[in-house]
Amino acid sequence: MKKFYVTTAIDYVNAPPHCGHALEKIQTDAIARYHRLLDEEVLFLTGTDENSLKNVQAAKKEGIPTKKLVDRNSKKFYELKKVLNLSFDDFIRTTEERHIKGAQKLWLACKKDIYKKTYRGLYCIGCEEFYKESELEDGLCPEHKTKLELVEEENYFFRLSKHRDELEKIIKNDEIKVTPESRKNEILSFIKSGLEDICISRSAERAHGWGIDVPGDPTQKIWVWLEALSNYINGVEYATDEKKFKKWWPADLHVIGKGISRFHCIYWPAFLLSAKLPLPKKIFVHGYLTVGGQKMSKSLGNIVDPFELVEKYGTDSVRYFLLREIPSAEDGDFTYEKFEKRYNSDLAKGLGNLVARTLTMVEKYCDGKVPEIDKDPDSHPLRIDTKIHNWKKSWADVDKHVPNFQFNEALSSIWKFITEADRYIEENRPWDLAKEGKIKELNWILYGLLNAIHQIAWQIYIFIPETSVKIAKALKLEKLLVKDPKEKDSWTNIRPGTEVKEIKPLFPKV
RNA sequence: GCCGGGGUAGCUCAGUGGUUAGAGCGUUGCACUCAUAAGGCAAAAGUCGUGGGUUCGAGUCCCACCCUCGGCACCA
């Protein structure tokens, strides 16, 4: 059995999750579900990044212990599992023992590329941060408008420069395949401009004692990025279960946002090279979600809360919107207007209505059962007519676009088939056939429609599983109702005589 | 500033140098009734960023310019 190990970025917990986080988790969930459909053994990992100084500051502000703050917010990220119907298998927190051990093990494995050096920089006591000259406003801290101090500190550095040529080769030759191409080019141009060694520790004092100790030097904490990146190996027990680690590592895919591509496409491979560990196979860099064309941010007060959105419109509506409306590799925009438009036109009037009208006709004209037919079900025009966008074409498009993370294209093709099914109803006018008593023809039409919905239920499963399951229940599609359905089981036709249940509107119009 | 994408219908976008430039959404009209007043058919709608050039022929290739988005390191 082929294995497939996929990860998301782990999120900062100094604030609760917003819809941008939801986007990444949903995209990754669709990928994970797709690979399970293909009968691969999937491990889907996500989690939270908790050792940042920001957490210490946020907790101080609230007057609570840092640990309490990260526990509370990490829980919120975990809750996305239920709210968004995510199928992740494991959730790693960087304050967990397995992570701390793994991060330190990685450090030691990189030891020969680590050295001590004095770092000197302009430091703002208010921000507890170093600033570059270019970031200053009139020579003052942009946040506090105060003068900065020249601070010296001895830190550990990592010989990134040493790995420059090898990294360039790895990215160029797709040994780690970075998609989309534009991100790969950005990374390459960055590497070409030269790589300097990076600082990978800070003083424990400045970190307020929060974070992971440098092995053998408790006066220093490991730089959060080095440590956070190691979650991908620690999630498969790098330091704690050799057998499990061997089975799953390297990751088949890291899904990340565009803001952190450098860390994943350069630093992370460099650490792995240094530690002599295998490299991840693929990195998919998604865009960001904007709101009304603006960046989502606390200060703008335009954060879209996934919990609220799901509460109001339902899980699948949110999943559908994000996968259909946002071109996965680029930025996409959210507004309530766009959301409701999509909802009404695609979900309520599209899929929801097609299912409703079909099931009602089966109830009225066929006594609520899948009708008997006297022709080969595989010869039905909705399946094979090449003049229309038949359901085989939708399947072909799903298989073509999902592996390239083009969820919008895949969904667009499925919905093209939905339109085709609607047109098929108009052209054949089952209500007239019923009046005229042309039962054989009527049965053939309705059988084809039921089989079409059956196929749609399978095709939408990785995107909007809840709706898929609702349809599966109505049509008694047992193979789709198991825990991890397999694509090969979608090839069967539905059986005449099966009782079909009418269901409540899948997506009531808003 | 440097590098790289974009600029095509009201909106979002497709368009290997070759007929009258396409799709979806939205708008308008027509006919229908199984359906969540849903669905179908049809129509209107574009100086293809601007100005040059190459070519029998340019949205597509070349040059210049304008606008826009992203990347240009250690948020240590």
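Only a predicted model underlies this, so the values are computations on that prediction, with no experimental measurement involved. Chain letters run A, B, ... following the sequence lines, proteins first and then strands; every chain starts at 1.
Straight-line distance from the CG atom of L411(A) to the C1' atom of G24(B): 14 Å, rounded to whole Å. Between the CD1 atom of I187(A) and the P atom of C72(B) there is a distance of 9 Å, given to the nearest Å. In this structure, R206(A) atom CZ and C75(B) atom C1' are separated by 12 Å, rounded to whole Å. Across the protein-nucleic acid pair, N185(A) atom CG and G70(B) atom P stand 18 Å apart, rounded to whole Å. For the pair K258(A) NZ and G4(B) C1', the computed distance is 14 Å after rounding to whole Å. In this structure, K117(A) atom NZ and C74(B) atom P are separated by 13 Å, rounded to whole Å. When rounded to the nearest whole Å, the span between CD1 of I171(A) and C1' of G71(B) equals 15 Å. Nucleotide G26(B) holds its P atom 9 Å from the CG atom of D346(A), rounded to whole Å.
For W107(A) (side chain) and P215(A) (main-chain N/O), no donor-acceptor pair under 3.5 Å exists by modelled atom type. Counting only distance, with no hydrogens or angles, the side chain of T290(A) and the backbone of G332(A) share a donor-acceptor pair below 3.5 Å. Checked by atom type and distance alone, the side chain of K438(A) never pairs as donor or acceptor with a backbone atom of D432(A) at under 3.5 Å. No donor-acceptor distance shorter than 3.5 angstrom exists from the side chain of D397(A) to the backbone of A410(A), with no hydrogens or angles considered. Not one N or O on the side chain of E502(A) forms a donor-acceptor pair closer than 3.5 Å with the backbone of L359(A). At distances below 3.5 Å, not a single donor-acceptor pair connects side-chain atoms of T94(A) with backbone N or O atoms of A228(A). At distances below 3.5 Å, not a single donor-acceptor pair connects side-chain atoms of H380(A) with backbone N or O atoms of P377(A). Side-chain N or O atoms of S328(A) include one that pairs as donor or acceptor with a backbone N or O of F405(A) at under 3.5 Å.
Relative orientation of the H286(A) and F284(A) rings is tilted, given thresholds of 30° and 60° on the angle between their planes. Using the six-membered ring where Trp is involved, Y313(A) and Y343(A) have ring planes that are tilted, between 30° and 60° apart.
Nucleic acid contact class of I200(A) (heavy atoms, under 4.0 Å, all strands): none. If you check every strand for non-hydrogen atoms under 4.0 Å, L195(A) touches a base. Residue K509(A) is classed as a base contact, given a heavy-atom separation below 4.0 Å to a base. Residue contacts shown for S193(A) are absent, as no nucleic acid heavy atom lies under 4.0 Å away.
RNA chain B is contacted by no residue of residues 16-24 of chain A, taking any non-hydrogen atom closer than 4.0 Å. The stretch residues 427-440 of chain A touches RNA chain B through R429(A), W431(A), each having a heavy atom under 4.0 angstrom from the strand. Taken residue by residue, residues 324-342 of chain A places heavy atoms nearer than 4.0 Å to RNA chain B at K341(A). Remark: T419(A), D422(A), R423(A) in residues 416-424 of chain A come within less than 4.0 Å of RNA chain B through at least one heavy atom.
Each of E186(A) and G352(A) has a nearest nucleotide on RNA chain B; the 5'-most of these lies closest to G352(A). Position along RNA chain B of the nearest nucleotide to E196(A) versus Y365(A) favours Y365(A) as the more 5'-ward residue.
For the pairing with W391(A), the side chain to side chain contact (heavy atoms under 4.5 Å, CB included) check across E420(A), R383(A), H454(A) returns one residue only, R383(A). Screening W268(A), W225(A), Y267(A) for a side chain to side chain contact (heavy atoms under 4.5 Å, CB included) involving R262(A) leaves a single residue, Y267(A).
U12(B) and G6(B) are spaced 14 Å apart, taking the C1' atom of each and rounding to whole Å. Across the P atoms, C11(B) and U50(B) are found 15 Å apart, a figure rounded to whole Å. Remark: the separation of the P atoms in G7(B) and C62(B) is 15 Å, to the nearest Å. Here the separation of G49(B) from C13(B), taken at their P atoms, is 15 Å to the nearest Å. Distance check on atom C1': A38(B) versus C34(B) gives 11 Å, rounded to whole Å. As rounded to the nearest Å, A9(B) and A21(B) have C1' atoms that lie 11 Å from one another. Comparing the C1' positions of U27(B) and A44(B) gives a spacing of 9 Å, expressed to the nearest Å. Annotation: U55(B) and C72(B) have their P atoms spaced 43 Å apart (nearest Å).
When Watson-Crick and G-U wobble pairs are counted only if both distances are under 3.5 Å, G6(B) pairs with C67(B). Under the Watson-Crick or G-U wobble criterion, with both distances below 3.5 Å, C72(B) is paired with G1(B). Remark: G22(B) base-pairs with C13(B). Criterion, Watson-Crick or G-U wobble with two distances under 3.5 Å. Both distances falling under 3.5 Å, in either a Watson-Crick or a G-U wobble arrangement, occur for no nucleotide opposite G59(B). The partner of A42(B) is U28(B), by the rule that a Watson-Crick or G-U pair needs both atom distances under 3.5 Å.
Considering only residues two or more places apart in sequence or on other chains, A356(A) meets the side chain to side chain contact (heavy atoms under 4.5 Å, CB included) condition with none of them. Judged as a ring-ring contact (aromatic ring centres under 6.0 Å, His included), and not counting sequence neighbours, F463(A) has no contacts.
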Original post:
Are E426(A) and R357(A) close enough, and set up right, to give a salt bridge (Lys or Arg N to Asp or Glu O under 4.0 Å), and what steps lead you there?
Top reply: CA-CA 12 Å; E426(A) 296 303 323; R357(A) 67 197 301 206; 2.9 Å; yes
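In this structure, P180(A) and V285(A) approach most closely via the heavy-atom pair CD-O, 3.3 Å. Residue I222(A) comes nearest to A103(A) through the heavy atom pair CD1-O, 4.3 Å, listed as atom of the first residue, atom of the second, then distance.
The side chain of E426(A) has C34(B) as its nearest neighbour among C34(B), G26(B), G70(B). Comparing C74(B), A73(B), C75(B) by their nearest atom to the side chain of Y12(A) picks out C75(B).
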